[in-house]
Number of protein chains: 2
Amino acid sequence: MELNNRKKKILRAIVEIYIATAEPVGSKAVAEQAGLDVSTATIRNEMADLTELGYLEQPHTSAGRVPSPMGYRLYVNELMGEHQLTIQETQRINDALNLRMEELDRVIDRAGKVLSQLSDYPVFTAAAPKKRITVKRFDLLMVEENAFIAVVMTDNSVVKNKLIRMPEQLSDTQLQLLSTVLNSSFVGLSLEEMEETLDKMETRSAPGAFQLISMVVQFAIEVLNQQSGQTIHTAGITHLLEHPEYRSLDKAKPLMNYLSETEEQGTSNLPVTLTEGQNMNILIGPENINEALKDTSVVMASYDIGDNMRGIIGVVGPTRMDYAKVTARLSYFADSLTRMFGKGELPSGEGHHEE
Amino acid sequence: MELNNRKKKILRAIVEIYIATAEPVGSKAVAEQAGLDVSTATIRNEMADLTELGYLEQPHTSAGRVPSPMGYRLYVNELMGEHQLTIQETQRINDALNLRMEELDRVIDRAGKVLSQLSDYPVFTAAAPKKRITVKRFDLLMVEENAFIAVVMTDNSVVKNKLIRMPEQLSDTQLQLLSTVLNSSFVGLSLEEMEETLDKMETRSAPGAFQLISMVVQFAIEVLNQQSGQTIHTAGITHLLEHPEYRSLDKAKPLMNYLSETEEQGTSNLPVTLTEGQNMNILIGPENINEALKDTSVVMASYDIGDNMRGIIGVVGPTRMDYAKVTARLSYFADSLTRMFGKGELPSGEGHHEE
DNA sequence: TTTTAGCACTCATTATCCCTGAGTGCTAAA
DNA sequence: TTTAGCACTCAGGGATAATGAGTGCTAAAA
């Protein structure tokens, strides 16, 4: 059954009042806000219908109404207005993302923090490679007579380096040769293939040469290993406590623990998988499969990071979430992230190693 | 006035019972635990004395006693026993710190997380350079005809890289020359000196050559800028809610906010400065100057990261903190960190850049 | 047929009162 | 100096009552 116009107006008013106040909404409040020239009694009748239809719920007989998950869903799909970001907010977002010299990880982390501050809800971020990573290129830089820096560039454009000490002195020519071997035999191989190739090489190479190759390849394997994992971060968990539904610790603790653990447990713990294409996704209350999220809503967006990686950023809050505000901010973020990673704007790399 | 032995035993018993139960301690409980063969009445008399002297406090007339900050201080200085770590715990710590392929930042961050898990309190970590950082060496790697990777190594052993696209094609020889210029004119300079030198160079170089130099030096300046800042992280803020003193949100919120903000605000917000030498430091309740920490205790240790940086790691909790347990874990961490950074065990570096 | 005014009813919330019991300080005897 | 005894204090918890916002229903009005 399609709702008539008046019912929609009333439902929208109830959702918005409830989002603002966190208190069950009575017929009087609706009459004041909805801009309908009817009495509270009429509204009560309509509210009774909406309850019957499953869009509203009643905490107890003598209380006002609260939107049901179905009510929120209708609101999100049809009734919700566009929310405008202020100039200050867009400025803030741009400032946060336009930092140069930051690594992928940090840009994403920072994005999560800022989004959390702007929305007053916790935010999680995740990134994972879309396909297996391989080494694209090796470079070796002589530092001293018996030490060089190995630079490994992967096909997801990550560059890592490590200082390698050699057991004996090595000439430029030898280093050149080593570089040739590495680039001809180990480029484009997956992690497992690299290990295999290294094994084969052991039997038919000079022990000295093999040791050198092995040190660099082991390092490359570590790099691939690290790159193949996903990164997950959360930000602003404490924002939860600002919302009345989590004023009791019994309610807040499980969700906070879930969010904290998410950082440890990897993407399996996330409410959705990293799907293709850029898109926005809203899960309301029981639409979440995960038990810990049964009474919470998640608004999230996924985006591409270059050609090889995929990222997701999501806002977690009570079902009484300010969907209009959150979706506006989130889509601005997702657009900005897509744009900046699309441009390949990740200019820098970093490393530590012993002297 | 020096306390007699019996008073010390009673004080110690009260502190330890209170740490375990979070309830004011009565004379009966002390009599059971302290191992003194005297009646509760005698203990009551001693407790009255200890209250008079300022070591104990009484929430109200008909309640038991609670240690005052002065009482905790005496306990920490004189009465506290050595706490032993279990084999599992040392194993856990070693596992967490012995990860290869991690950057400084991540090792420290991870250390904070694990310490927080082991102690059930929030943990903050910070690191800052002891002196100004300079570039130690430039390397340039040709990638394609019109793109090369600039590798900048600083004197605190950080290596960063960036892909630089050139307006026109460049030969190996020209790249060689560029490298020579950079290494002879910009190595060992501070941030400001580099900017100066670059300015001077502008007037007397060919525009094309200057543009190239400028791109690399600008990158180096960004690296120095980033390295000169301090890093601050916090972990396990939600652990606060597990302790009864923060069961009310009014108590928990300000401290949680303080800890969250610490990440943004830099070392100025920290309870202490990064002092020389490896040492442990305990601040109890009002000994903290910062208003937000007036009712909390901070146990922290600082340590050296190589020759050029200084780190600090600290545990934050209620004054009723398990000082013996926390100090044991913390000092094990500080020792481990000193040892690992002393050995220069930071083997890897990372980077992202466009293709 | 739809809307509205009126009214009795419901029930979470808050305030109030009382009771219980752990713990104290003091006194007087050991 | 230590201990037993005892009157006193006071936070915490449970029961009870008062409050008031909001409802559903009925009957009249539009």
Side-chain angles (χ1 to χ4, degrees), chain A residues 1 3-11 13-15 17-18 20-68 71 244-245 247-248 250-251, chain B residues 3-11 13-15 17-18 20-68 71 244-245 247-248 251:
Chain A
M1 160 186 173
L3 298 184
N4 66 36
N5 215 28
R6 191 167 71 185
K7 281 200 175 59
K8 282 185 183 170
K9 271 195 180 166
I10 289 174
L11 178 57
I14 290 175
V15 171
I17 294 170
Y18 186 62
T21 64
E23 305 267 308
V25 181
S27 49
K28 196 171 148 218
V30 175
E32 282 162 14
Q33 153 127 6
L36 296 165
D37 259 346
V38 290
S39 75
T40 59
T42 311
I43 291 177
R44 274 204 293 283
N45 287 332
E46 296 285 44
M47 284 163 74
D49 286 355
L50 285 167
T51 307
E52 182 95 5
L53 291 167
Y55 293 106
L56 296 178
E57 284 169 354
Q58 219 169 359
H60 55 268
T61 0
S62 70
R65 302 303 208 289
V66 162
S68 71
E245 25 275 283
R247 243 186 347 179
S248 138
D250 302 339
K251 312 283 180 188
Chain B
L3 299 184
N4 66 35
N5 215 28
R6 190 167 70 188
K7 282 200 174 61
K8 283 184 182 170
K9 271 194 181 168
I10 290 174
L11 178 57
I14 290 175
V15 171
I17 295 170
Y18 186 62
T21 64
E23 305 268 310
V25 181
S27 50
K28 196 170 149 218
V30 176
E32 282 163 11
Q33 151 127 8
L36 295 166
D37 260 346
V38 290
S39 75
T40 58
T42 312
I43 290 176
R44 274 205 293 284
N45 288 331
E46 296 284 45
M47 283 164 74
D49 287 355
L50 285 168
T51 307
E52 182 93 8
L53 291 166
Y55 294 104
L56 296 178
E57 284 168 355
Q58 217 169 0
H60 56 268
T61 1
S62 70
R65 301 303 208 289
V66 162
S68 69
E245 25 278 280
R247 243 184 347 178
S248 138
K251 312 282 181 191

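Residue numbers begin at 1 in each chain, while the letters A, B, ... track the order of the sequences. What you see is a predicted model; the values in this text were computed from it and never measured.
In this structure, of C/dG25, D/dT3, D/dG24, it is D/dG24 that holds the atom nearest to the side chain of A/Gln58. The nucleotide whose nearest atom lies closest to any side-chain atom of B/His60 is, among D/dA11, C/dC11, D/dT2, D/dA11. Of the listed nucleotides (C/dT24, D/dG24, D/dT3), D/dT3 has the atom at the smallest distance from the side chain of B/Thr42.
Atom CD1 of A/Ile14 is separated from atom C1' of D/dT23 by 13 Å (rounded to the nearest Å). Atom-to-atom, CD of A/Glu23 to P of D/dT23 comes out at 13 Å; the value is rounded to the nearest Å. The separation between A/Lys28 atom NZ and C/dT4 atom P is 17 Å, rounded to whole Å. Rounded to whole Å, atom P of D/dA21 lies 13 Å from atom CD of A/Glu32. The nearest whole Å value for the distance from the CG atom in A/Leu56 to the C1' atom in D/dG22 is 14 Å. Taking atom CG on B/Asp37 and atom P on D/dT2, their separation rounds to 13 Å, with Å as the unit. Atom CG of B/Leu36 is separated from atom P of D/dT3 by 10 Å (rounded to the nearest Å). The distance between atom CD of A/Glu57 and atom P of D/dT23, rounded to the nearest whole Å, is 15 Å.
If you check every strand for non-hydrogen atoms under 4.0 Å, A/Thr40 touches nothing.
For D/dT2, the OP1/OP2 oxygens have no side-chain nitrogen or oxygen of B/Ser39 closer than 4.0 Å. Within the 4.0 Å cut-off from OP1 or OP2 of C/dT24, not a single side-chain nitrogen or oxygen of B/Thr61 is found. In terms of phosphate contacts, B/Arg65 brings a side-chain nitrogen or oxygen within less than 4.0 Å of OP1 or OP2 of C/dT24. Between B/Arg44 and D/dG5, a side-chain N or O to OP1/OP2 separation shorter than 4.0 Å is absent. Phosphate contact (OP1/OP2 of C/dA22, side-chain N/O of B/Ser62, threshold under 4.0 Å): absent.
Both distances falling under 3.5 Å, in either a Watson-Crick or a G-U wobble arrangement, place C/dT1 opposite D/dA30. Across all strands shown, C/dT27 pairs with D/dA4; the Watson-Crick or G-U wobble distances both stay below 3.5 Å. As the counterpart of C/dC11, D/dG20 is assigned, both hydrogen-bonding distances of the Watson-Crick or G-U wobble pattern falling under 3.5 Å.
Scanning all heavy atoms of the two residues, the minimum distance from B/Gln58 to B/Gly64 falls at CG-O, 3.8 Å. Summarising the geometry of B/Ile17 relative to B/Ala29, their closest heavy-atom pair is CD1-O, 3.8 Å, with the distance given to 0.1 Å. Summarising the geometry of B/Ile14 relative to B/Leu56, their closest heavy-atom pair is CD1-CD1, 3.6 Å, with the distance given to 0.1 Å.
Remark: side-chain polar atoms of B/Ser68 are paired, donor with acceptor, to backbone N or O of B/Gly54 under 3.5 angstrom.
Enclosure of atom NZ in B/Lys8 by more than 12 non-hydrogen atoms of other residues, nucleotides or ligands within 6.0 angstrom is indicated. Atom NZ of B/Lys251 sits in a sparse spot, with 12 or fewer heavy atoms from other residues, nucleotides or ligands closer than 6.0 Å.
Residue A/Ala29 is the one, among A/Ala29 and A/Asn45, whose nearest nucleotide of DNA chain D lies closer to the 5' end (criterion: closest heavy atom).
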